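Computation of the quantities below employed the complete heavy-atom set of this structure, encompassing side-chain atoms and omitting hydrogens, waters and symmetry-equivalent molecules. Because the structure is predicted, anything quoted here is derived from the model rather than measured. Positions are given from 1 along the sequence.
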Amino acid sequence: MYKYSELINELELQIAEDTYREGDKLPSIRELSLRYGCSKSTVIRALQDLQDKHLIYAASKSGYYVMKRSGQRKDEGAHWIDFTVSAPDPDIFPYLDFQHCINKAIDMYRNDLFIYGTPQGLPSLIREMQRHLASYQVFANPDQIFITSGVQQALGVLTRIPFPNGRQRVLIEQPGYPLFMEYLKTYGIETEGIKRSDAGVDLNELERLFKTGQFKFFYTVPRFHNPLGVSYTRTQKKAIAQLAAKYDVYIVEDDYMADLEQDAKEDPIYAYDDAAHVIYLKSFSKIIFPGLRVGVAVLPEVLCDSFNRFKRLMDIDSSMLSQAALELYLKSGMFERHRKKMRSCYEKRSTLLHESIMRELDTATAQHYSYHPTGQLGVHTYLKLGDSVKTEQMIKRLQKKFIRIEMADSGYLPSFNKEKILKLNVSSVKEPDIRSGIEQVMQEIR
């Protein structure tokens, strides 16, 4: 039997995914009640909520009809299938819910908006964040929690502040986060790479680097790595935490995709840290929207003072309005409902992406590409292309068919040996477009 929240999530997703298109009539209240095993009053409440969100409208004595934003780009006449965008799908975001939180935040914190806050963050958000982080198995004292202007700011501060181990060099996965690598290059930070594959990182190689490389910290994305889409196993996470303690190397764990985790028993590296050597970072950009620019950093106590001092010099404090709105969004339960909806939507898209690729695989094309998915599927994955594939021509041909793809070249350090990896992301690709888009991509590769 569907509860109210599950029913409305399902209907919103079907509208966002074009199961019901603009102008389509929804099934009757009686039919929806029978289909989802819930009372008519629950269906009526859900339909009223969708009407309040301007997703449907009621026609007298006729029923309910879909009134949906077009998924077409405003600046382009053609309908594009874009496998390069990693931002959340705007059609799924509950605008009215968050707008309500912003308006409420302005009303509640009207005096605080006209003064500077603290570099650590809005105290009430920090208290709420402490409770929220526990759902990721991250337990910390409030004085260890810092609100940042996105994870990018947190990485910038961590790169510049002194660490107890007295080192300066940074170790980063390859392929890795392009913007962070650009930051390291711009500020002349000596950086080395370690290969990340479907199997994770080579733990023997990681130990060798920790032992000899004089690294300040190792930056890693433990879950749903972009562009590989893979996650570390529990054994690997435990081993990385142990190596960090043994060789006095800090781990900067960017767990920005934690909200898509299906297995409640899968904990972050932070949960296995017994030596206070793991720094936990969490962004809300990929689950809410990029413009929010709110992230959180959980630090070992030994780093808190210097982090606070350097952050104050960078921006005094992060946006008070964004912080207050996020606090209300978390506290009200709206975020949890949105997270469930996003998890369900992305799981469907991930499964369809995998099935579409597998459908196209055959022995005759093995020389052109390979695909080796492992573990839990994410919204992004990759194909390793053969030397015979001319990537520039392929990308241009697909653009003429209104399909965007890109290689993972920007995710490598200049000194690191690049693999020929084609990135595929379905964060913003509607379900009907995934299969047709992948078919055309595979055809061009062949």
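Exactly one of Q152, E182, H225 qualifies for a side-chain hydrogen bond (donor to acceptor under 3.5 Å, both in side chains) with Y177. That residue is Q152. With I405 as the fixed residue, the side chain to side chain contact (heavy atoms under 4.5 Å, CB included) test singles out one of L422, N425, D82: L422. The only member of E347, E12, E336 that meets salt bridge (charged side-chain N to carboxylate O under 4.0 Å, His left out) when paired with K341 is E12.
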Q: Begin with the C-alpha distance, continue with both residues' side-chain angles, and end with the deciding distance and a verdict on side chain to side chain donor-acceptor pair (under 3.5 Å) for T148 and Q153.
A: CA-CA 6 Å; T148 61; Q153 185 192 47; 4.6 Å; no
Q: Before giving the answer on side chain to side chain donor-acceptor pair (under 3.5 Å), spell out for Y219 and E253 the whole-Å C-alpha distance, their side-chain angles and the decisive distance to 0.1 Å.
A: CA-CA 6 Å; Y219 171 75; E253 178 180 22; over 6 Å; no
Q.
Between F217 and T159, is the side chain to side chain contact (heavy atoms under 4.5 Å, CB included) condition met? List the steps.
A. CA-CA 9 Å; F217 65 75; T159 303; 4.0 Å; yes
Q: In sequence, state the C-alpha distance, the side-chain angles, and the governing distance for Y382 and D198, and then conclude on side chain to side chain donor-acceptor pair (under 3.5 Å).
A: CA-CA 10 Å; Y382 75 101; D198 297 333; 2.8 Å; yes
(Q) Does T235 form a side chain to side chain donor-acceptor pair (under 3.5 Å) with T233? I'd like the steps, not just the answer. (A) CA-CA 5 Å; T235 301; T233 64; 4.6 Å; no
Q | Evaluation steps, side chain to side chain contact (heavy atoms under 4.5 Å, CB included), between V249 and K216 | A | CA-CA 6 Å; V249 177; K216 178 181 184 177; over 6 Å; no
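Heavy atoms from other residues, nucleotides or ligands lying under 6.0 Å from CZ of R131 number more than 12. Annotation for D274: atom CG does not count as buried by contact number, only 12 or fewer foreign heavy atoms lying within 6.0 Å. In R337, the CZ atom is crowded: over 12 heavy atoms of neighbouring residues, nucleotides or ligands sit closer than 6.0 Å.
Using a 4.0 Å cut-off between charged side-chain N and carboxylate O, R127 and E327 make no salt bridge. Salt bridge annotation for D259-K282: present, with a cationic side-chain nitrogen under 4.0 angstrom from a carboxylate oxygen. Salt bridge status for D315 with K311: present, with a side-chain N to carboxylate O gap under 4.0 Å. Ion pairing between a basic and an acidic side chain is recognised when a charged N comes within 4.0 Å of a carboxylate O; R234 and D263 show such pairing. At a threshold of 4.0 Å, the pair R223-D255 counts as salt-bridged, since one of the basic side-chain nitrogens sits closer than that to a carboxylate oxygen. Between K237 and E266 there is a salt bridge, since a side-chain N of the basic residue sits under 4.0 Å from a carboxylate O of the acidic one.
Because its NZ or CZ atom is both nearer than 6.0 Å to the ring centre of Y232 and within 45° of the ring axis, R196 counts as a cation-pi partner of that residue.
Aromatic ring pairs are classed by plane angle as parallel below 30°, tilted from 30° to 60° and perpendicular above 60°; the pair Y250 and F163 is perpendicular. The aromatic rings of Y187 and Y183 sit tilted, their planes meeting at an angle between 30° and 60°. Ring pair H132/F284 is tilted by interplanar angle, where 30° to 60° counts as tilted.
Taking CD of Q214 as the reference point, atom CD of Q168 lies at 11.0 Å (rounded to 0.5 Å).
Across T220 and I251, no two heavy atoms sit closer than the pair CG2-CG2, 3.9 Å. Between P175 and I421 the shortest heavy-atom distance is CG-CD1, 4.5 Å.
Side-chain contact of Y247 with E207: a donor-acceptor pair under 3.5 Å is present, judged by distance alone.
Counting only heavy atoms from C-beta outward, the side chains of I44 and L47 never approach each other to under 4.5 Å. When side chains are defined from C-beta on, H100 does not count as touching N103, because their heavy atoms never get closer than 4.5 Å. Using a 4.5 Å heavy-atom cutoff, the side chains of L281 and Y256 are not in contact.
A donor-acceptor pair under 3.5 Å is absent between the side-chain atoms of R169 and the main chain of E192, judged by distance alone. For S344 (side chain) and K340 (main-chain N/O), no donor-acceptor pair under 3.5 Å exists by modelled atom type.
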